[in-house]
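Computed from a predicted model, the values in this text were never measured in an experiment.
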Amino acid sequence: MKNGLSIFLVDDQVLFLESLKLVIESIAPDITILGTAVNGEEAVARLKKIQPETPVDAVLLDVRMPVMDGVTAAKIIHDLWPQTSIIMLTTFEDDEYVREAMNNGASGYLLKNIAPKMLVSAVRAVCDGSVLMDPQVAGSLLQSMFSDKGKLEKMTGEKLPEWFFLLSPKEREIIRHVLLGKNNKEIAADIHIGEQTVRNYISAIYAKLEVPDRRALIAKAREISPSYFS
């Protein structure tokens, strides 16, 4: 790993964002904060102005943000700058977004209550090629990965299609709204994310279900009980 690191911070809570910036600057003189943003869309726009003239070693992304959430932003950032490490930060201890974030290129998934010195160590480790996950999050993720399919099939007596287990909780939630006849704008308003983010999720759902459009998505989703999308 090189002597100094350059990072970018993204969080919709401005107080937390500024506090994080000050803490990192005070305890890690080897780390330069190149900029901040309050949502994923703003982060991508600002990173485009920074890179490639000034390479960013790591982006710390909040998971849940308005306009564009961290999971969606992680995919865009990873696709545009695969050399940039991505660390997800969250106050939530469940695994709702973990698999999707890691699939989108994240190399770390940490809770916001992590001690500052541990966070700095984690940033350095991820930039050096490590993959890090908070132990609480990792335990929950592993448990869900190995139990979801068997548990559901045992409880219901129904053999569910493989595509169902490829869906993230957020994608299942969006399918539920699609089955209710809502358009992308209505879905975005209901679940408090950007309309473009909804479109991104819909595209990912098409790919996982191997369907070409919304009508085919609805037809395939109705092959199983709508209760699985609640």
4.5 Å side-chain heavy-atom contact, [X] and [Y]:
X	Y	answer
R172	R176	no
L60	F8	no
V59	V10	yes
S107	V126	yes
I202	V178	yes
M65	L61	yes
Q83	V56	no
L20	L89	yes

Expected output: side-chain [X] to main-chain [Y] donor-acceptor under 3.5 Å:
X	Y	answer
E42	V38	yes
R46	T36	yes
T197	I193	no
T54	Q51	no

Considering all heavy atoms, the nearest [X]-[Y] contact:
X	Y	result
E53	P55	O-CD, 3.7 Å
T90	Y109	CG2-CE2, 3.5 Å
P116	V23	CB-CG1, 3.4 Å
P161	I224	CD-CG2, 3.6 Å
A106	M88	CB-CG, 3.7 Å
A37	L17	O-CD2, 3.7 Å

Cation-pi check for Y201 against K170: NZ or CZ below 6.0 Å from the six-membered ring centre and within 45 degrees of the axis, yes or no? no
Can you name the residues that form a side chain to side chain donor-acceptor pair (under 3.5 Å) with [X], not counting sequence neighbours?
X	value
D213	none
K182	H177, D190
T72	D69

To the closest 0.5 Å, what do you measure between [atom1] ([X]) and [atom2] ([Y])?
X	Y	atom1	atom2	result
I77	S85	CD1	OG	11.5 Å
R222	L217	CZ	CG	10.5 Å
L119	R124	CG	CZ	10.0 Å
I218	E223	CD1	CD	13.0 Å
L209	L167	CG	CG	5.5 Å
D57	W81	CG	CH2	14.0 Å

Flag for R214-N183: side-chain donor and acceptor within less than 3.5 Å: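 Result is no, nothing qualifies.
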Please evaluate residues L9 and I24 with respect to the criterion side chain to side chain contact (heavy atoms under 4.5 Å, CB included), reporting the C-alpha separation (whole Å), side-chain torsions for both, the decisive distance (0.1 Å), and the verdict. CA-CA 11 Å; L9 309 177; I24 293 175; 4.3 Å; yes
Look at the side-chain heavy atoms of Ile, Leu, Val, Met, Phe, Trp and Tyr, link any pair under 4.5 Å apart, and say whether [X] and [Y] land in one connected group.
X	Y	answer
I33	M118	yes
I27	L110	yes
L180	I187	no

Stepwise side chain to side chain contact (heavy atoms under 4.5 Å, CB included) check, L22 with S26: CA-CA 6 Å; L22 290 173; S26 66; over 6 Å; no
Step by step, work out the salt bridge (charged side-chain N to carboxylate O under 4.0 Å, His left out) result for R64 and D12. CA-CA 8 Å; R64 302 194 186 194; D12 66 318; over 6 Å; no
Using 30° and 60° as the class boundaries, would you call the ring planes of W163 and F229 parallel, tilted or perpendicular? parallel
Let me see the working for Q13 and D62 under side chain to side chain contact (heavy atoms under 4.5 Å, CB included), right down to the final yes or no. CA-CA 9 Å; Q13 297 178 359; D62 186 18; 5.5 Å; no
Mind checking what makes side-chain contact (heavy atoms from CB on, under 4.5 Å) contact with V67, not counting sequence neighbours?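 With sequence neighbours excluded, V67 shows a side-chain contact (heavy atoms from CB on, under 4.5 Å) to N39, E41, given in chain and number order.
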Test of understanding: with side-chain contact (heavy atoms from CB on, under 4.5 Å), list the residues that count as partners of N104, not counting sequence neighbours.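 N104 satisfies side-chain contact (heavy atoms from CB on, under 4.5 Å) with V71, A74, K75, E100 only.
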Quick one: salt bridge (charged side-chain N to carboxylate O under 4.0 Å, His left out) partners of E186, sequence neighbours excluded?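 E186: no salt bridge (charged side-chain N to carboxylate O under 4.0 Å, His left out) contacts found.
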K48 and L80: side chain to side chain contact (heavy atoms under 4.5 Å, CB included), yes or no, with the steps? CA-CA 9 Å; K48 284 180 178 179; L80 290 174; 3.9 Å; yes
